[in-house]
Protein chains: 2
Amino acid sequence: MVLSRTSQYAIQALIYIATQAPGEPVLNRDIAERLNVPAAYLAKILQNLCKHGLLDSFRGRLGGFCLREGMHKSTLMHVLQLTEGPDFTKNCILGLKECSDETACPMHFKWKPVKNKIISMLNFMTLDELAKAVLTGKYRLADLPASAIPS
Amino acid sequence: MVLSRTSQYAIQALIYIATQAPGEPVLNRDIAERLNVPAAYLAKILQNLCKHGLLDSFRGRLGGFCLREGMHKSTLMHVLQLTEGPDFTKNCILGLKECSDETACPMHFKWKPVKNKIISMLNFMTLDELAKAVLTGKYRLADLPASAIPS
DNA sequence: TATAATTCGGACAAAAAACTCTTTAAGGAG
DNA sequence: CTCCTTAAAGAGTTTTTTGTCCGAATTATA
Ligand code: FES
Ligand code: FES
């Protein structure tokens, strides 16, 4: 029912970066504070996303992370294939090696349509759209960030 | 996208027990062999299901585990609430503390209908029905069991 | 009663996931 | 060139999950 923490952090961070001005590097420290997640751990995740071409990173002053050209259109499926492994959609819900109509477990034919729904949903949601949603102010990226002073 | 191994083992074992003659205790060793899972670990899981009233256990000769009276009608939701915790359906997919329309993350309104679909599916599937499906021979409980002939 | 078969319970071990620390390299500004 | 800021890299730690081991309790049967 859930994603790994790593995936959750990755998605949150990417959406946050997508809400910022393109081409302006965002500091890992700022992302971590905004999302209220451990900075050193987040850094590892972002580094990994860099290696896989989703982000660009810059060191030194004015450094930070920003979405690589064109990656605003990346889908959550793309992101999750990096964080959860390339065939995270190919697993049987009961843990069998293979999930297919030919080797179906007793849940398979009920689960399959739901799974397909999830897959198409993930293929449909892009970072850009999610960022736009956040920018409307109607949606939250993190719960009660340290700087949520209602003054 | 996946369940914990513990949940997978629990569901597999319960379905297997449900396929066996009611009232006849099934040996942990036999279940483990049939499902090809570690016996000592499975025993822990079954003990836990006993404590929560889903199974009855008997020690000594002719001992083993069998479904408690009426529990053939248990749903997967019931099982998973024991193995994954009582509010495993209440979590936000992005990891926020609360999942609700009022505190929605950017995925919430897309995810919610899918989640509801999963929940109703889990509420609908009973051990009895899954066991029947397995007994037709069309579905697998485990991949390549040591002995591919149940009975 | 003695014995073998089984679960029970707790401690233990290994592996994976989550998280931290430290050092190094790179880049911008004075 | 020097200083400061930042990410990169890698080793190390902690926590959770998964899995093992063993001795004690229980029960049928001979
Ligand atoms: S075989 Fe189990 S979900 Fe497809
Ligand atoms: S708030 Fe994130 S899924 Fe409901």
Side-chain angles (χ1 to χ4, degrees), chain A residues 1-14 17 20 23-33 35-68 80 82-85 88 91 94-95, chain B residues 1-13 17 20 23-68 80 82-85 88 91 94-95:
Chain A
M1 192 64 107
V2 292
L3 300 172
S4 67
R5 266 214 176 0
T6 297
S7 292
Q8 293 175 340
Y9 292 168
I11 293 177
Q12 289 178 5
L14 287 168
I17 295 173
Q20 302 304 108
E24 298 272 315
V26 188
L27 291 189
N28 174 69
R29 183 189 341 123
D30 292 344
I31 307 173
E33 187 178 355
L35 303 180
N36 199 26
V37 306
Y41 190 42
L42 180 63
K44 295 294 184 195
I45 295 170
L46 296 182
Q47 282 167 32
N48 185 254
L49 295 176
C50 280
K51 272 198 300 207
H52 287 94
L54 217 49
L55 292 175
D56 280 321
S57 67
F58 306 94
R59 301 211 250 198
R61 286 216 177 180
L62 305 189
F65 296 89
C66 60
L67 279 171
R68 182 166 293 184
L80 290 177
L82 300 183
T83 55
E84 301 276 323
F88 85 107
N91 297 116
L94 280 190
Chain B
M1 191 64 111
V2 292
L3 300 172
S4 68
R5 265 206 169 6
T6 296
S7 292
Q8 293 176 340
Y9 292 168
I11 293 177
Q12 289 177 4
I17 294 173
Q20 301 304 106
E24 298 270 316
V26 188
L27 291 189
N28 175 69
R29 183 186 346 120
D30 291 344
I31 306 172
E33 187 179 356
R34 171 63 217 283
L35 302 179
N36 200 25
V37 306
Y41 190 41
L42 180 64
K44 297 292 186 198
I45 295 171
L46 296 182
Q47 282 167 31
N48 186 253
L49 295 176
C50 281
K51 272 197 300 206
H52 287 94
L54 217 49
L55 291 175
D56 281 320
S57 67
F58 305 95
R59 300 212 253 199
R61 284 214 179 182
L62 306 188
F65 297 89
C66 61
L67 279 170
R68 182 166 295 184
L80 290 178
L82 300 183
T83 55
E84 301 276 323
F88 85 107
N91 298 117
L94 280 190

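All chains are named by letter (A, B, ...) in the order of the sequence lines, taking the proteins before the strands, and each is independently numbered beginning at 1. Worth saying up front: this structure is predicted, and the values here are computed from it rather than measured.
- Note that CG of B:Leu35 and CD of B:Gln8 are 11.5 Å apart. Values are rounded to the nearest 0.5 Å.
- Nearest-nucleotide mapping onto DNA chain C: of A:Arg5 and B:Phe65, the residue sitting toward the 5' end is B:Phe65.
- Rounded to whole Å, atom C1' of D:dA7 lies 14 Å from atom CG of A:Asp30.
- Remark: A:Val2 pairs with B:Asn91 by the side chain to side chain contact (heavy atoms under 4.5 Å, CB included) rule, at least two apart or across chains.
- Of the candidates C:dG9, D:dG19, C:dA18, D:dG19 carries the atom nearest the B:Pro38 side chain, counting heavy atoms from C-beta on.
- When distances run from any side-chain atom of B:Tyr41 to the nucleotides D:dG19, C:dG9, C:dT6, the shortest one goes to D:dG19.
- We find that CD of A:Glu84 is positioned 12 Å from C1' of C:dA17, with the value rounded to whole Å.
- Applying the side-chain hydrogen bond (donor to acceptor under 3.5 Å, both in side chains) rule to A:Ser7 yields the partners A:Ser4, A:Thr83, A:Glu84; only residues at least two apart in sequence or on another chain are considered.
- Rounded to whole angstrom, the span from the CD atom of A:Gln8 across to the P atom of C:dC19 amounts to 10 Å.
- Side chains of B:Ile31 and B:Val37 form no contact here, defined as non-hydrogen atoms less than 4.5 Å apart.
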Without placing hydrogens or testing angles, list every side-chain donor-acceptor pair under 3.5 Å for residues 47-59 of chain A, not counting sequence neighbours.
{"from": "A:His52", "atom 1": "ND1", "to": "A:Asn48", "atom 2": "O", "distance (Å)": "2.9"}
{"from": "A:Asp56", "atom 1": "OD1", "to": "A:Arg68", "atom 2": "NE", "distance (Å)": "2.9"}
{"from": "A:Asp56", "atom 1": "OD1", "to": "A:Arg68", "atom 2": "NH2", "distance (Å)": "3.0"}

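- Checking the phosphate oxygens (OP1, OP2) of C:dC19, a side-chain nitrogen or oxygen of A:Tyr9 falls inside 4.0 Å.
- Counting non-hydrogen atoms under 4.0 angstrom, A:Leu27 reaches the backbone sugars and phosphates but no base.
- A:Ile45 has its CD1 atom 14 Å from the P atom of D:dA8, to the nearest Å.
- Rounded to whole Å, the distance from CG on A:Leu42 to C1' on D:dT6 is 14 Å.
- Distance CD (A:Gln47) to P (C:dT24): 17 Å, rounded to an integer number of Å.
- Listed by residue number, A:Ser57, A:Phe58, A:Arg59, A:Gly60, A:Arg61 are the residues of residues 50-63 of chain A with a heavy-atom contact under 4.0 Å to DNA chain D.
- If you take CG of A:Asn28 and P of D:dT5, they are 16 Å apart, rounded to a whole angstrom.
- With sequence neighbours excluded, the residues forming a side chain to side chain contact (heavy atoms under 4.5 Å, CB included) with A:Leu27 are A:Arg29, A:Asp30, listed by chain and number.
- For the side chain to side chain contact (heavy atoms under 4.5 Å, CB included) test, residues two or more places apart in sequence or in another chain that qualify with B:Ala39 are B:Asn28, B:Ala32.
- In this entry the distance linking CG of B:Asn36 with P of D:dT18 reads 17 Å, nearest Å.
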